[in-house]
Enquirer: 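Pasting a structure below so you can have a look.
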Amino acid sequence: MGSSILSIIYLVGSVTFILGLKMLSKPDTARKGNLVAAAGMTLAILGTIFLYKVDDVPLHNYGWIFTGLLIGGVIGVLSAKKVKMTAMPEMVSMFNGMGGACAALISIVEFNHLVASGPTTGGMVAIILISLVIGAISCAGSIIAWGKLAGKIKDFSFNGQHILNLGVLVVIIGLFVWLVLGVGATATSLVVFYIVLALALFYGILFVLPIGGADMPVVISLLNSFTGVAAACGGFLYNNPVMLTGGILVGSAGTILTILMCKAMNRSLKNVLIGSFGGAAAAAAGGSKDQGNYKEISLNDAAVVMAYANKVIIVPGYGLAVAQAQHACHELEKQLGERGVEVKYAIHPVAGRMPGHMNVLLAEADVPYEKLLEMEDANTEFPTTDVVLVLGANDVVNPAAKNDPASPIYGMPILEVEQAKVVIVNKRSMKPGYAGIENDLFFQPKTSMLFGDAKKVLQELLAAIKEV
């Protein structure tokens with residue numbers, strides 16, 4: 001009876017994952033989708049704890065289980081409540097790394113069980129090793145990504161690094177095959193198993209370390225798909241349908257998102273992983289030419305231009321998140337709307353530090369979803385736009401991506417803001433963006449710079465518009 005109820009619970013959990021993921025694809029249903037998937041996961045966890053049996057023996061050590069759930073739950077809730085929007089990418093990376101670590105730990109426990117129980121099939125060893133390698137790479141890589149996003153770890157590369165990476169990967173594959181076909185789960189293979197673990201962790205570090213900052217959204221998405229694959233292997237290992245379904249959904253969604261983001265940057269995944277885009281080389285390339293002079297615009301002049309415009313498009317970037325200026329931005333949008341100005345937002349797929357960063361940022365300020373334009377739609381509207389206000393965005397509006405074959409971002413689709421009648425760019429300074437390259441847009445005749453903290457500038461701009 002208990003097993004039948006558990007099967008139904010797993011079925012319900014799997015369905016909620018699918019429905020939740022479907023709802024996450026639309027901004028207006030994303031929050032509800034997250035809650036639906038979370039409810040399904042909670043149901044699956046409780047069903048496993050109370051109904052799952054091994055050889056007709058139910059789980060025990062409930063004290064340890066619920067203590068772990070309580071500690072993890074408290075840490076998760078407090079972290080989510082306290083995290084700032086600017087630190088959300090780091091939090092995503094860290095949580096993803098914990099998922100990879102969990103998969104690796106499961107593999108360690110199960111391989112030790114196989115060693116203790118004697119010889120086993122190569123298929124079982126293969127599943128354990130796949131989960132171990134992918135989980136360890138995801139864990140180590142996510143921690144490095146967290147450090148880079150938090151500014152604690154800098155890009156690092158050296159001559160022959162890609163060859164070393166390839167060599168480590170070949171050794172991992174060789175030991176993998178040896179364990180599966182040659183030895184299986186024995187006491188001798190346990191040492192090799194831990195060598196594979198160490199090499200996978202080492203490869204995860206080497207894999208992410210040289211990748212430049214502008215590519216981090218793609219890397220986060222890719223590592224997320226790795227964690228999903230590792231979780232799916234755990235589902236195979238335990239014959240657990242809900243774990244398998246969840247892992248497959250995360251893995252496939254992460255892979256699709258990675259491909260879409262690479263397409264949005266007009267780059268192959270191979271180029272992302274070995275190109276070190278946004279690193280030292282890019283910075284050097286960006287600073288190698290004289291751009292000429294830029295011009296500034298006063299706050300009052302910017303207020304007049306925007307107040308008497310017919311259409312204004314706002315381009316949010318990481319600078320907006322740093323300043324926590326999304327609410328002030330929404331107030332500016334509403335004030336302009338009251339004056340009869342049509343206001344929309346242009347969102348680049350890789351703006352910010354993680355996939356969907358700007359969408360989440362604006363959703364927090366209750367910006368209407370219908371005002372958010374994707375890159376393709378926004379580019380068709382820029383020619384009929386009077387004013388474009390760029391808030392902290394840099395690389396995603398750089399015309400060098402279209403005009404300069406020598407630029408590291410050449411070929412990357414951008415928001416073509418230069419087609420508008422007037423472009424106002426708010427930045428703290430003239431420092432390059434996350435990719436480390438100079439922005440040609442800032443030196444064009446139609447572009448004016450409005451320096452200062454985004455939140456303060458928007459508040460002062462709002463006050464000035466009210467007086468116009």
Side-chain angles (χ1 to χ4, degrees), residues 1-24 31-77 80 95-96 98-118 120-121 123-132 134-135 138-139 185 224 227-253:
M1 181 65 178
S3 61
S4 299
I5 296 175
L6 184 59
S7 296
I8 295 174
I9 288 175
Y10 284 164
L11 177 61
V12 172
S14 299
V15 170
T16 60
F17 292 168
I18 296 170
L19 291 175
L21 182 61
K22 177 64 176 177
M23 296 168 74
L24 284 170
R31 290 182 180 179
K32 187 181 295 183
N34 197 30
L35 293 175
V36 168
M41 176 61 77
T42 302
L43 185 64
I45 291 174
L46 293 177
T48 301
I49 292 174
F50 293 112
L51 299 176
Y52 184 78
K53 295 181 180 181
V54 180
D55 297 330
D56 291 328
V57 178
L59 297 180
H60 51 284
N61 290 330
Y62 289 123
W64 286 105
I65 292 173
F66 283 101
T67 298
L69 286 173
L70 179 62
I71 294 173
V74 169
I75 293 174
V77 170
F95 281 3
N96 186 64
M98 295 303 99
C102 181
L105 289 172
I106 288 174
S107 298
I108 293 172
V109 171
E110 291 305 315
F111 194 82
N112 278 276
H113 285 171
L114 290 181
V115 171
S117 60
T120 186
T121 62
M124 184 66 71
V125 175
I127 293 173
I128 292 174
L129 286 173
I130 291 172
S131 182
L132 174 80
I134 297 178
S138 178
C139 174
N224 186 56
T227 299
V229 173
C233 289
F236 273 116
L237 189 62
Y238 292 122
N239 194 25
N240 188 313
V242 73
M243 191 174 181
L244 178 61
T245 303
I248 290 174
L249 290 174
V250 172
S252 58

Enquirer: Identify the two heavy atoms, one from Gly100 and one from Thr227, that lie closest to each other, and give their separation to 0.1 Å.
Expert: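 Smallest heavy-atom distance, with atoms named: N-CG2, 3.7 Å.
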
Enquirer: Given side chains that start at C-beta, do those of Met124 and Leu237 come closer than 4.5 Å, heavy atoms only?
Expert: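 Yes - at least one pair of side-chain heavy atoms lies under 4.5 Å apart.
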
Enquirer: Whether the side chain of Ser107 engages the backbone of Ile128 through a donor-acceptor N/O pair (distance < 3.5 Å, no angle test) should be reported.
Expert: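 Checking the backbone N and O of Ile128 against the side chain of Ser107, a donor-acceptor pair under 3.5 Å is found.
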
Enquirer: Side chains of Thr48 and Val242, heavy atoms from C-beta outward: is any pair under 4.5 Å?
Expert: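 A side-chain contact under 4.5 Å is absent here.
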
Enquirer: Please report the shortest heavy-atom distance between Tyr52 and Leu6, naming the atom on each side.
Expert: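 Minimum heavy-atom separation between Tyr52 and Leu6: CA-CD2, 3.8 Å.
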
Enquirer: With side chain to side chain contact (heavy atoms under 4.5 Å, CB included) as the criterion, how do Met41 and Ile45 come out once you've worked through the C-alpha distance, each side chain's angles and the decisive distance to 0.1 Å?
Expert: CA-CA 6 Å; Met41 176 61 77; Ile45 291 174; 3.9 Å; yes

Enquirer: In Å and rounded to the nearest 0.5 Å, what is the OG1 to CG distance from Thr245 to Asn240?
Expert: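 Thr245 OG1 to Asn240 CG: 8.5 Å, rounded to 0.5 Å.
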
Enquirer: Can you name the nearest heavy-atom pair linking Val36 to Gly20, along with the distance?
Expert: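 Looks like CG1-N, 4.4 Å.
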
Enquirer: Please find the pair of heavy atoms, one from Asn34 and one from Leu24, that lie closest to each other, and give the distance.
Expert: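 Distance-wise, the nearest heavy atoms are N-CD2, 4.1 Å.
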
Enquirer: So how far is it from Ile65 CD1 to Phe50 CZ, rounded to the nearest 0.5 Å?
Expert: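 The CD1 atom of Ile65 sits 8.5 Å away from the CZ atom of Phe50.
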
Enquirer: Rounded to the nearest 0.5 Å, what separates atom CG in Leu244 from atom OH in Tyr10?
Expert: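 Reported value, rounded in 0.5 Å steps: 12.0 Å.
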
Enquirer: Roughly how far apart are Ile18 CD1 and Met23 CE, rounded to 0.5 Å?
Expert: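 Rounded to the nearest 0.5 Å, the CD1-CE separation comes to 14.0 Å.
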
Enquirer: Is the number of heavy atoms from other residues, nucleotides or ligands within 6.0 Å of CG (Asn61) greater than 12?
Expert: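 Yes - once you tally the heavy atoms of other residues, nucleotides and ligands closer than 6.0 Å, there are more than 12.
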
Enquirer: Would you call Leu132 and Phe111 a side-chain contact if the rule is heavy atoms closer than 4.5 Å?
Expert: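 A side-chain contact is absent here, since even the closest heavy-atom pair is not under 4.5 Å.
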
Enquirer: Walk me through whether Glu110 and Tyr238 qualify under side chain to side chain contact (heavy atoms under 4.5 Å, CB included).
Expert: CA-CA 10 Å; Glu110 291 305 315; Tyr238 292 122; 2.8 Å; yes

Enquirer: Quick one: does Val109's side chain get under 4.5 Å of Leu105's, heavy atoms only?
Expert: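 Answer no - side chains too far apart.
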
Enquirer: OG/Ser131 to CD1/Ile106 distance, rounded to the nearest 0.5 angstrom?
Expert: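 So the gap between those two atoms works out to 6.5 Å.
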
Enquirer: State, yes or no, whether a side-chain contact exists between Leu11 and Pro241 at a heavy-atom distance under 4.5 Å.
Expert: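 A side-chain contact is absent here, since even the closest heavy-atom pair is not under 4.5 Å.
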
Enquirer: Got a second to check how far Ser14's OG is from Met243's CE, nearest 0.5 Å?
Expert: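 These two atoms lie 12.5 Å from each other.
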
